[in-house]
Amino acid sequence: MFSFLLCLAILSQPGLGLNVPIPLVAPPAAVRVSSSLFSFSIEQDRWTDWAGSTSRNQFLFNTLDNLGQLTGAPPRIRIGANSEDHTKFNPAIQKTQLVFPAPSQTVPYPEATNITVGNAFYQATQFLPPNTRVTWGLNLGQFNLTTAFLEAKSIVKAFSSSAIRNAGIVLDAIEIGNEADLYRNNGARPRSYNIGQYVKE
């Protein structure tokens, strides 16, 4: 620890610096960086804003496709985050129904408090570039097993569709709940909630 602090003190002195040469070409023994290093996480309440609901959002498609062209593989996409635990499923819903709290100075773009989706919500995965690898989030926060089951069933249905299969889009994982360690602090579970209870769920 002392040597770290000494180095930090020396390097922070005015007029002192450390020259680090950066070669223009990677050394022969350098480890190759994975072509799938890029990835993005998209909140579920904004998913169809980004992907498109009835046709693809050309801006997002071009951005992801360009990154794929540059790196050799399309970025991996995670759809979920905190709003996955506010998502409910209704097979009769054709268009996503969202309920947002009022914006404020500190939160100008609030997260939806209620998201009701149908099969088209998950089918919008077809608007991603070919060969994209995807992780979808399921609602565990509300502890509604019927909702989680119906969401999972709809995800499997979407990834079984010819539009997604033919594009080579792959479901890498289903994330069951988002940051369950925070459930006891955000009101999703009692304050006594612990890892043992999470595992049982």
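All residue numbers refer to positions in the sequence shown, counting from 1. Quick caveat: nothing in here was measured; it's all calculated off a predicted structure.
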**OP:** Identify the residue among T125, T87, I115 that makes a side-chain contact (heavy atoms from CB on, under 4.5 Å) with W47.
**Re:** T125

Subject >> Contact check, side chains of L64 and F40, non-hydrogen atoms, under 4.5 Å >> reply: yes

Subject >> V170 and T132: CA distance, side-chain angles, deciding distance, side-chain contact (heavy atoms from CB on, under 4.5 Å) verdict >> reply: CA-CA 6 Å; V170 175; T132 299; over 6 Å; no

Subject >> Between N82 and E111, a side-chain donor and acceptor under 3.5 Å >> reply: yes

Subject >> Exercise: do R189 and N194 side chains pair donor with acceptor under 3.5 Å >> reply: no

**OP:** Please confirm whether the backbone N or O of D172 pairs with a side-chain atom of R133, one donor and one acceptor, at under 3.5 Å?
**Re:** no

Original post:
Any side-chain heavy atom of K153 within less than 4.5 Å of one from E151?
Top reply: no

Subject >> Distance in Å, F159 CZ paired with I169 CD1, rounded so as to fall on 0.5 Å steps >> reply: 7.0 Å

Original post:
Taking a hydrophobic cluster as the set of Ile, Leu, Val, Met, Phe, Trp and Tyr residues connected by side-chain heavy atoms closer than 4.5 Å, whether directly or through intermediates, do L182 and L138 fall within one such cluster?
Top reply: no

**OP:** Supply the atom-to-atom distance F61 CZ to L128 CG, rounded to the nearest 0.5 angstrom.
**Re:** 9.0 Å

Original post:
Checking E84 side chain against A81 main chain: does a donor-acceptor pair fall under 3.5 Å?
Top reply: yes

Original post:
So, does T113 use its side chain to make a donor-acceptor pair with the main chain of V99 at under 3.5 Å?
Top reply: yes

Original post:
About how many Å separate CG of L150 and NZ of K157, when rounded to the nearest 0.5 Å?
Top reply: 11.5 Å

Original post:
Have N119 and Q123 got a donor and an acceptor in their side chains that come within less than 3.5 Å?
Top reply: no

Original post:
Looking only at heavy atoms, what is the nearest atom pair of P74 and P130, with distance?
Top reply: CG-O, 3.5 Å

**OP:** Verify the distance criterion only: is there a donor paired with an acceptor across the side chains of R78 and S41 at less than 3.5 Å?
**Re:** yes

Subject >> Short side-chain to backbone donor-acceptor contact, E43 and S83, under 3.5 Å >> reply: yes

Original post:
Would you say the side chain of V134 lies within less than 4.5 Å of the side chain of R76, judging by non-hydrogen atoms?
Top reply: no

Subject >> Check: P103 main-chain N/O paired with Y109 side-chain donor or acceptor under 3.5 Å >> reply: no

Original post:
For the residue pair N144 and T147, what are the closest heavy atoms and their distance?
Top reply: OD1-N, 3.0 Å

Original post:
What's the shortest heavy-atom distance between P101 and P110, and which atoms?
Top reply: O-CG, 3.2 Å

**OP:** Report yes or no: do L67 and I77 belong to one cluster of Ile/Leu/Val/Met/Phe/Trp/Tyr joined by side chain heavy-atom distances under 4.5 Å?
**Re:** yes

Subject >> Heavy-atom closest contact (S154 atom, G118 atom, distance) >> reply: OG-O, 4.4 Å

**OP:** Ignoring hydrogens and angles, tell me if any N or O in the side chain of N66 forms a donor-acceptor pair with the backbone of Q69 under 3.5 Å.
**Re:** no

**OP:** Go through the steps for T63 and D65 under the test side-chain contact (heavy atoms from CB on, under 4.5 Å), then give the verdict.
**Re:** CA-CA 5 Å; T63 301; D65 192 52; over 6 Å; no

Subject >> Nearest-0.5 Å distance that lies between atom CZ in F127 and atom CD1 in I164 >> reply: 9.0 Å

Original post:
Are the side chain of N57 and the backbone of D49 linked by a donor-acceptor contact shorter than 3.5 Å?
Top reply: yes

Original post:
For the side chain of Q44 and the backbone of G137, is there at least one donor-acceptor N/O pair under 3.5 Å apart?
Top reply: yes

**OP:** Treating Ile, Leu, Val, Met, Phe, Trp and Tyr as nodes and any side-chain heavy-atom pair under 4.5 angstrom as an edge, say whether V156 and V117 lie in one connected cluster.
**Re:** no

Original post:
Is it true that atom CZ of R46 has more than 12 heavy atoms of other residues, nucleotides or ligands lying nearer than 6.0 Å?
Top reply: yes

Original post:
Is it true that a side-chain atom of D85 and a backbone atom of N178 form a donor plus acceptor pair closer than 3.5 Å?
Top reply: yes

Original post:
Could you state the interatomic distance from CD1 (I174) to CD1 (I155), rounded to the nearest 0.5 Å?
Top reply: 4.5 Å

Subject >> E175 side, atom CD; L140 side, atom CG - distance, nearest 0.5 Å >> reply: 10.0 Å

**OP:** Mark yes or no for whether S161, through its side chain, and A158, through its backbone, hold a donor-acceptor pair below 3.5 Å.
**Re:** yes

Original post:
Does Y193 share a hydrophobic cluster with I195, counting links as ILVMFWY side-chain heavy atoms below 4.5 Å and allowing steps through other members?
Top reply: yes

Original post:
Honestly curious: do F100 and I93 fall in one hydrophobic cluster under the side-chain, below-4.5 Å linking rule?
Top reply: no

